[in-house]
Number of protein chains: 2
Amino acid sequence: MSMRRTTIKDVAEAAGVGVATVSRVLSGGSASPETRERVLTVATQLDYRPSALGRNLRQRRSGGIGLLVPDVTDSFYGRLADGVLACARSAGEPVILGATGDDPEREAEMVGMLLEQGVDRMIAIPSGSGEIWEPTLRTGLTAVFAHRVPAGRGDVPAVLADDRAGVRTAVDYLTGLGHRRIAYLGGPGQEQRVAAFRETLGPLVDEELLVFARGSRDSAYAAAAGLLQHRPDLTAVLAGGNLLGEAAVLAARELDLRVPRDLSLIMFDDVPWAELCAPPLTVIAQPAQDIGYRAAELVLRGGARRPRGVLLPTELVVRGSCAPRGTSRSPR
Amino acid sequence: MSMRRTTIKDVAEAAGVGVATVSRVLSGGSASPETRERVLTVATQLDYRPSALGRNLRQRRSGGIGLLVPDVTDSFYGRLADGVLACARSAGEPVILGATGDDPEREAEMVGMLLEQGVDRMIAIPSGSGEIWEPTLRTGLTAVFAHRVPAGRGDVPAVLADDRAGVRTAVDYLTGLGHRRIAYLGGPGQEQRVAAFRETLGPLVDEELLVFARGSRDSAYAAAAGLLQHRPDLTAVLAGGNLLGEAAVLAARELDLRVPRDLSLIMFDDVPWAELCAPPLTVIAQPAQDIGYRAAELVLRGGARRPRGVLLPTELVVRGSCAPRGTSRSPR
DNA sequence: CATGCTCATGGAAACGATTCCATCATGTTT
DNA sequence: AAACATGATGGAATCGTTTCCATGAGCATG
């Protein structure tokens with residue numbers, strides 16, 4: 001029924017040369033011009049496509065790069081993945097995608113699966129502590145981290161947005177508008193941002209105004225609603241991601257808080273709907289696609305380089321969700 | 001430096017059995033209880049993980065399933081991919097992701113790449129005509145199509161949303177509100193929907209009100225803006241996807257058309273931001289995640305089944321972007 | 001002319017699993 | 001007791017490639 005795939009052996013036979021020669025020609029090794037020509041002709045005639053299976057086994061590594069993101073559903077990671085795909089495509093490398101759900105256990109499981117597949121180059125948005133990665137990195141794996149680094153490890157190749165600057169800009173902008181009680185609504189693994197937040201806000205920082213959600217929408221909403229409910233005195237919120245921003249808008253609406261009159265809101269990550277929102281959301285734009293692309297470049301370029309981290313700029317995009325502090329949100 | 005991975009041979013040696021026995025134990029073949037126990041113990045002690053490389057070569061197929069979507073950045077496909085990942089994970093199968101950009105050529109290229117990788121099970125949102133798939137399907141590939149089928153091929157396994165019913169419901173809803181000049185703003189490969197649109201609208205259909213964009217945001221905006229500009233007499237738009245809906249909202253805003261007073265809008269695909277939009281968008285919800293999950297189930301369940309297509313229900317979610325036809329959008 | 005060097009070349013050995021097949025021990029049937 | 005069925009077991013072949021190594025030809029140098 002379905003005839004065998006044509007193998008390198010078939011080509012060798014048809015061209016009257018040895019398999020080694022065919023392999024050499026096809027992978028750019030040395031060969032005499034006429035042999036090369038003949039092999040190439042025969043190969044196209046037979047529509048030969050080398051099987052990655054054989055090659056992978058021999059070289060003890062599957063080509064291809066693994067990509068581990070918390071949630072493909074999140075626009076930010078979607079764009080990041082898109083960047084990775086773009087770069088991988090131009091290099092002809094397949095991308096194996098896994099969703100970790102921001103769960104270290106699942107992350108470890110996926111890493112294991114990738115290793116089993118022979119994948120030795122990965123890009124990850126790490127969820128957990130560095131311990132998961134310690135043993136893995138030692139096996140000769142080339143890993144590039146994107147968007148954040150494993151907790152407790154600063155010396156790994158990574159492509160990051162300039163979170164510090166982003167937070168600083170946002171907070172300065174808010175304080176400049178007169179806001180004093182500013183909340184940070186964070187997600188998993190945002191130590192950098194929180195640190196920058198604390199640092200920028202200085203003595204104004206109020207520990208109760210730092211709240212964190214897990215990755216899910218529900219969790220984000222719960223955190224946002226809880227925050228707004230318990231602390232009616234806050235006048236501005238910085239949301240550390242588009243899911244959290246969405247949750248903040250929803251929660252504010254539910255509590256009849258008008259944005260920006262009653263509550264100013266800045267969201268990390270510029271998404272298409274930020275403009276469609278009422279009011280349009282002021283955001284800190286991050287180059288998600290670039291992050292992915294650069295990470296892929298790094299991981300393809302090979303491992304031993306030590307560009308300890310690429311830092312990509314963020315940009316404050318002012319729209320309509322921030323206003324000078326008013327007195328409208330009166331104490332009871 | 002980095003010692004060799006432990007192979008099946010190591011396990012066999014350490015357990016004092018042959019490699020065949022180890023393989024059998026590990027893949028659930030027959031073995032005496034004590035042998036099984038011993039092998040299992042040794043395997044865990046040595047932290048043995050079978051290499052997919054060896055297995056794949058032997059069985060002449062890489063495990064893993066290929067997933068081809070037009071654009072991971074699009075929330076719909078993001079959710080679909082998430083569904084696929086969820087199912088694949090529970091089966092322990094890796095997923096190789098590719099973005100086709102709704103370009104048949106790129107699609108063909110990616111299929112080629114997947115075949116080269118030994119992938120023999122794929123899920124695709126096909127961009128092009130069936131011709132791309134004809135030869136491929138003949139090679140013994142198990143393919144399941146999702147969201148739409150290759151043009152000109154109805155007899156392939158597919159998981160689809162019930163587009164006909166969705167369109168019918170939406171159009172009926174709009175005509176029930178008094179609308180007569182209803183436009184359809186479509187994307188690539190939406191023949192089904194257009195047919196249903198024509199069918200439902202009957203004599204009211206106006207060919208000029210059927211406009212199509214390619215996959216990109218720019219193209220979507222251009223189409224939407226062109227439509228609204230050229231035909232100020234239309235009172236309702238049905239957008240065939242969240243990108244198109246977004247474009248319609250933007251274009252309407254640009255032209256100072258108030259939704260829903262001047263223009264009623266229904267969008268295919270319920271996305272989180274539909275609720276945040278001003279006004280909240282009335283949508284036809286599609287179970288994107290389910291589509292992906294079911295497609296993965298189908299492709300994992302194996303090929304020869306003939307469930308010609310799974311049809312998943314859509315649901316009209318009424319929010320605030322539709323109103324009874326008014327007279328406000330006056331002729332000049 | 002002999003020696004050595006550079007190439008192109010093909011045979012064969014990996015790579016790490018699965019699986020066919022022959023072997024052997026055990027238990028069952030006549 | 002002989003013949004036979006059953007089941008566990010290990011050796012070896014296989015998958016399709018890359019790559020090591022030996023061979024031989026051609027050529028320049030001494």
Side-chain angles (χ1 to χ4, degrees), chain A residues 2-40 42-43 46-64 92 113 115-120 139-140, chain B residues 2-40 42-43 46-64 92 94 115-120 139-140:
Chain A
S2 72
M3 53 198 175
R4 229 175 71 276
R5 260 179 81 114
T6 69
T7 76
I8 200 176
K9 213 171 161 187
D10 301 325
V11 177
E13 223 159 274
V17 299
V19 289
T21 306
V22 177
S23 174
R24 247 173 272 133
V25 168
L26 260 37
S27 47
S30 73
S32 78
E34 58 263 31
T35 315
R36 150 163 287 118
E37 171 109 13
R38 190 145 38 95
V39 169
L40 253 31
V42 171
L46 294 184
D47 190 33
Y48 168 68
R49 322 239 348 182
S51 150
L53 265 35
R55 175 184 10 237
N56 289 346
L57 176 57
R58 173 66 223 241
Q59 326 197 122
R60 316 161 81 170
R61 48 173 288 252
S62 95
M113 194 258 275
L115 287 180
E116 196 166 310
Q117 297 296 320
V119 171
D120 65 346
T139 67
Chain B
S2 73
M3 53 200 175
R4 229 175 69 277
R5 261 178 81 114
T6 68
T7 76
I8 199 175
K9 213 172 160 186
D10 302 325
V11 177
E13 224 159 274
V17 298
V19 288
T21 305
V22 177
S23 174
R24 246 173 275 134
V25 168
L26 261 38
S27 47
S30 72
S32 78
E34 59 263 30
T35 315
R36 150 163 287 118
E37 171 110 12
R38 189 145 39 95
V39 169
L40 254 29
V42 171
L46 295 184
D47 190 33
Y48 168 68
R49 322 241 345 186
S51 152
L53 267 35
R55 172 180 20 237
N56 289 348
L57 177 56
R58 175 63 222 243
Q59 336 200 110
R60 314 160 87 171
R61 48 173 288 253
S62 95
L115 286 180
E116 194 167 322
Q117 297 296 321
V119 171
D120 66 345
T139 67

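Letters go in sequence order (proteins before strands), and every chain restarts at 1. Computed from a predicted model, the values in this text were never measured in an experiment.
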*Within the structure shown, what part of the strands sits under 4.0 Å from A:Gly118 by heavy-atom distance: base, sugar-phosphate, or nothing?*
nothing
*Locate the shortest heavy-atom distance separating A:Leu53 from B:Gln117; write the atom from each residue and the value.*
CD1-O, 3.1 Å
*What are the two closest non-hydrogen atoms of A:Arg49 and A:Arg5, and how far apart are they?*
O-NH2, 2.8 Å
*asked:* Just to verify, what does B:Val19 make a side-chain contact (heavy atoms from CB on, under 4.5 Å) with, not counting sequence neighbours?
replied: B:Ile8, B:Lys9, B:Ala12
_Any residue meeting side-chain contact (heavy atoms from CB on, under 4.5 Å) with B:Leu26, in chain and number order, not counting sequence neighbours_ =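 Scan of B:Leu26 (side-chain contact (heavy atoms from CB on, under 4.5 Å), adjacent residues dropped) gives B:Val22, B:Val39, B:Leu40, B:Tyr48.
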Name the pairs: protein N/O against N/O of nucleotides 24-27 of chain C, kept only if under 3.5 Å.
none

*In this structure, which one of A:Thr21, A:Leu46, A:Val25 forms a side-chain contact (heavy atoms from CB on, under 4.5 Å) with A:Val11?*
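Testing A:Val11 for a side-chain contact (heavy atoms from CB on, under 4.5 Å) against A:Thr21, A:Leu46, A:Val25 leaves exactly one candidate, A:Leu46.
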*Would A:Val119 and A:Leu115 satisfy side-chain contact (heavy atoms from CB on, under 4.5 Å), going step by step from the backbone distance to the final call?*
CA-CA 5 Å; A:Val119 171; A:Leu115 287 180; over 6 Å; no
*What side-chain hydrogen bond (donor to acceptor under 3.5 Å, both in side chains) pairs are there with at least one residue in residues 22-36 of chain B, not counting sequence neighbours?*
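The answer is B:Ser32-B:Thr35.
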_Going by side-chain hydrogen bond (donor to acceptor under 3.5 Å, both in side chains), name the pairs with one or both residues in residues 50-60 of chain A, residues two or more places apart or in two chains._
none
*If a pair satisfies salt bridge (charged side-chain N to carboxylate O under 4.0 Å, His left out) and one of its residues is in residues 10-20 of chain B, list it, with sequence neighbours excluded.*
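Residue pairs with at least one partner in residues 10-20 of chain B: B:Arg4-B:Asp10.
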*Just how large is the angle between the end axes of the helix from C:dC1-D:dG30 to C:dT30-D:dA1, five pairs per end, to 10 degrees?*
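It works out to 50° between the end axes.
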_Pairing residues for A:Arg61 by the side-chain hydrogen bond (donor to acceptor under 3.5 Å, both in side chains) criterion, not counting sequence neighbours_ =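 In terms of side-chain hydrogen bond (donor to acceptor under 3.5 Å, both in side chains), with neighbours along the sequence ignored, A:Arg61 is linked to A:Asp120.
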*What is the per-nucleotide protein-contact pattern of nucleotides 14-23 of chain C, from the 5' end, where B denotes a base atom under 4.0 Å from a protein heavy atom, S denotes such proximity for sugar-phosphate atoms only, and - denotes neither?*
BBBBBB----
*Figure out the CD/P separation between A:Glu34 and C:dC7, and round it to whole Å.*
16 Å
*Whole-Å distance between D:dG16 C1' and B:Leu115 CG?*
16 Å
*Has A:Ser32 got a side-chain N or O lying under 4.0 Å from the OP1 or OP2 atom of C:dT9?*
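Answer yes for this pair, as a side-chain N or O of A:Ser32 is under 4.0 Å from OP1 or OP2.
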Interface polar pairs with nucleotides 22-24 of chain D, N/O, under 3.5 angstrom:
none

